[in-house]
Visitor: 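Just passing along the structure, written as structure tokens.
Quantities reported herein were computed from a predicted structural model and do not represent experimental measurements. Whatever order the structure lists them in is the order used to number ligands and atoms, beginning at 1.
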Amino acid sequence: MISFQAVTKKFSTNITALEGINLEIQNGEFIFLVGPSGAGKSTLLHLLTREYKPSEGKIIVNDLEPSKLKPSQIPDYRRRIGFVFQDFKLLDDRTVWENVALALQVRGMPEAEIAKEVDRVLKLFEIWERRSLFPRQLSGGEAQRTAIARAIVGKPSILLADEPTGDLDPQTASSVIKLLEEVNSWGTTVLMATHNREIVDNAKRRVVTLKGGQIVKDTQEGKYEVH
Ligand code: ADP
């Protein structure tokens with residue numbers, strides 16, 4: 001479970017990115033986070049990765065309080081969270097296969113097991129044929145499938161996505177959403193920040209709307225209502 005309890009995040013005395021956020025997310029939910037630019041969506045995601053600490057209030061993630069972790073505990077905490085970005089953030093000098101494998105190598109998993117897991121995920125995501133290509137040789141959709149493969153290969157309990165369809169055409173964007181829905185169907189909690197009205201309106205999922213750092217709406221089977 002993820003719980004935000006009266007969370008405020010200030011970057012300086014005059015920049016309040018989030019204010020008084022109360023939000024409960026159950027395991028296995030799929031949630032869209034919407035709102036105008038500057039509403040605080042990215043800040044909320046980065047609080048979950050423990051890149052930022054709340055200025056006030058408390059965040060609980062699966063019985064842990066990320067802001068109370070010692071520096072030595074943070075890498076282990078982050079391994080339980082997958083992150084997908086608009087610009088993929090793949091390593092240019094590594095192949096598709098190597099980009100995904102790296103996520104397991106940093107955990108010290110034995111090479112034979114890594115090979116098995118990476119092959120399995122690449123086949124499942126239909127990018128196995130692209131495994132020896134470098135990121136610049138991929139289409140936007142293939143690059144995002146690779147980035148999602150890398151994010152989930154370690155079986156995180158939570159997947160965060162910040163505008164993962166931002167640069168993709170509508171058809172590719174919808175295939176990326178299908179993939180995120182598949183990951184969610186395995187039990188992974190998915191929290192996705194987006195500006196994509198069509199995707200949000202078609203998905204009929206919970207929609208949390210932020211404005212000026214506050215939650216202004218939180219609806220099951222919600223719509224994209226950003227003003
Ligand atoms: P969104 O993702 O909804 O566009 P952000 O979370 O990126 O919104 O930003 C919320 C507010 O916090 C904005 O006013 C933004 O300028 C500010 N902000 C975000 N990150 C930082 C930072 N690292 N330093 C200072 N201000 C920041």
Visitor: So, Phe11 versus Tyr52, ring centres under 6.0 angstrom or not?
Guide: yes
Visitor: Start with the C-alpha distance between Thr8 and Glu19, add both sets of side-chain angles, then the distance that settles side-chain hydrogen bond (donor to acceptor under 3.5 Å, both in side chains), and finish with yes or no.
Guide: CA-CA 4 Å; Thr8 290; Glu19 193 169 15; 5.7 Å; no
Visitor: Name all pairs fulfilling the side chain to side chain donor-acceptor pair (under 3.5 Å) condition that reach into residues 108-124, sequence neighbours left out, sorted by first residue then second.
Guide: Trp97-Asp119, Glu117-Arg120, Glu117-Lys155
Visitor: Side chain to side chain contact (heavy atoms under 4.5 Å, CB included) with Leu210: which of Asp218, Leu23, Ile21, Val216?
Guide: Ile21
Visitor: Let me know which protein residues bring a heavy atom to under 4.0 Å of ligand 1; chain then number is fine for ordering.
Guide: Phe11, Ile15, Ala17, Pro36, Ser37, Gly38, Ala39, Gly40, Lys41, Ser42, Thr43, Tyr52
Visitor: For Phe83 and His46, take the angle between the two ring planes, folded into 0 to 90°, and tell me which bin it lands in: parallel under 30, tilted 30 to 60, perpendicular over 60.
Guide: parallel
Visitor: Spell out, as yes or no, whether a donor-acceptor pair under 3.5 Å connects the side chain of Asp162 to the backbone of Gln86.
Guide: no
